[in-house]
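All residue numbers refer to positions in the sequence shown, counting from 1. For the numbers below, each heavy atom of this structure counts, side chains included, while hydrogens, waters and symmetry mates do not.
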Amino acid sequence: QFQQVVSTIFENTPEMSMPDYIPEAVKRLKLASAFRGYNPGVLDCIEVSHDSNFMIVDDAEGTCISKREEDSFRCCMCVNPDNNEIVLLPIDKKLIKQRVGGMADGAVFDEQKFVFLEFKDQAQGNSYSAIEDTYTKASSQLTSALHLFEEKLASNSASVNFTASVDVSCHIIVSDKFPRASALEQNMMLLFAMSNNGVALSFDKVISFHNPAK
């Protein structure tokens with residue numbers, strides 16, 4: 001199913017990226033106000049897509065939408081059957097630079113759903129301890145991003161209760177070549193939710209933005 005989705009991407013129209021346009025999802029969370037003073041600002045970082053399927057990868061310059069077929073083994077796949085307006089925000093290396101302790105790579109979201117992304121597609125996972133170290137670091141980086149956004153959005157310039165306004169979750173993305181440890185993943189998902197007021201952690205590289213209410 002994943003490969004079927006990948007194979008349809010390359011016929012889609014190009015994604016939309018308009019620096020002067022403010023997507024509704026950005027307005028709803030007042031992200032531009034919350035991160036005012038950052039250089040580049042939120043609106044200078046985002047990409048916007050209405051494509052029914054698109055891939056997200058993390059490159060040297062940050063998280064971005066990709067149409068390269070060779071990226072399919074390491075990407076996060078977004079499924080958007082209603083062609084809603086989906087926003088990609090690169091965080092690490094773009095909006096937030098050189099933060100001590102690390103930071104999630106990016107986020108993809110609409111007006112109802114907000115997903116933090118941490119890519120570990122270069123990780124080897126040669127042993128159980130290496131897999132655990134990879135997952136632990138990724139979890140820490142996602143937690144840092146979650147807490148930063150909660151803090152910034154709650155500030156006077158925005159006054160938004162982040163996790164009450166949208167369905168927030170976090171995803172760790174590994175490549176198809178990375179060995180999986182399901183018991184470890186289940187344990188980390190439980191601990192993450194317990195430590196972050198119920199915010200879910202997932203290892204699924206497919207994110208659906210299907211909204212039955214619309």
> Assess whether side-chain hydrogen bond (donor to acceptor under 3.5 Å, both in side chains) is satisfied between Asn83 and Ser52, documenting all intermediate values.
CA-CA 5 Å; Asn83 298 107; Ser52 57; 4.6 Å; no
> Compute whether any side-chain donor of one residue and acceptor of the other, for Asp204 and His171, lie under 3.5 angstrom apart.
no
> Is there a donor-acceptor contact under 3.5 Å from the side chain of Asp110 to the main chain of Lys113?
yes
> So that I can tick it off, tell me whether Glu61 and Lys94 are bridged by a salt bridge, with the cut-off set at under 4.0 angstrom between side-chain N and carboxylate O.
no
> Find out if a path of hydrophobic residues (ILVMFWY) with successive side-chain heavy-atom gaps under 4.5 Å connects Val199 to Leu190.
no
> To the closest 0.5 Å, what do you measure between SG (Cys170) and CZ (Phe114)?
9.5 Å
> Taking side chain to side chain donor-acceptor pair (under 3.5 Å) as the criterion, tell me which of Asp92, Asp58, Asp105 meets it with Thr63.
Asp58
> Is Asn161 reaching over with its side chain to a backbone N or O of Ala164, donor-acceptor style, under 3.5 angstrom?
yes
> Got a donor-acceptor contact below 3.5 angstrom from the Asn187 side chain to the Ala183 backbone?
no
> Starting at SG of Cys78, measure out to CD1 of Ile86 and round the result to the nearest 0.5 Å.
7.0 Å
> Is there a donor-acceptor contact under 3.5 Å from the side chain of Arg28 to the main chain of Ser165?
yes
> Side chains of Asn84 and His210: do they bring a donor and an acceptor to under 3.5 Å?
no
> Find the distance between CG (Leu146) and CE (Met103) and round it off to the nearest 0.5 Å.
10.0 Å
> When you measure from the side chain of Ser157 to the backbone N and O of Ser33, does any donor-acceptor pair fall under 3.5 Å?
yes
> Look up atom CD1 in Ile172 and atom CG in Leu117, then write down how far apart they are to the nearest 0.5 Å.
11.0 Å
> In plain terms, say whether Asp121 and Lys177 are close enough for a salt bridge, that is, a side-chain N and a carboxylate O under 4.0 Å apart.
no
> Going by the angle between their ring planes, with limits at 30° and 60°, are Phe35 and Phe149 parallel, tilted or perpendicular?
tilted
> Give me the atom names and distance for the closest heavy-atom approach of Val26 to Ala32.
CG1-N, 4.3 Å
> Would you compute the distance between atom CE of Met189 and atom OH of Tyr135 and round it to the nearest 0.5 angstrom?
11.0 Å
> With rounding to the nearest 0.5 Å, note down the distance linking OG in Ser208 to CG in Asn80.
8.0 Å
> For atom NZ of Lys137, decide whether the heavy atoms of other residues, nucleotides or ligands shown that lie under 6.0 angstrom number more than 12.
no
> Side chain of Lys152, backbone of Leu31: donor and acceptor closer than 3.5 Å?
no
> Do side-chain atoms of Ser195 reach the backbone of Phe192 as a donor and acceptor pair under 3.5 angstrom?
no
> Do Glu85 side-chain atoms and Glu24 backbone N/O form a donor-acceptor pair below 3.5 Å?
yes
> Please check if Val42 and Val166 belong to a single hydrophobic cluster, counting links between Ile, Leu, Val, Met, Phe, Trp and Tyr side chain heavy atoms closer than 4.5 Å.
yes
> Would a hydrophobic clustering, with Ile, Leu, Val, Met, Phe, Trp and Tyr connected at side-chain separations under 4.5 Å, put Val57 with Ile173?
no
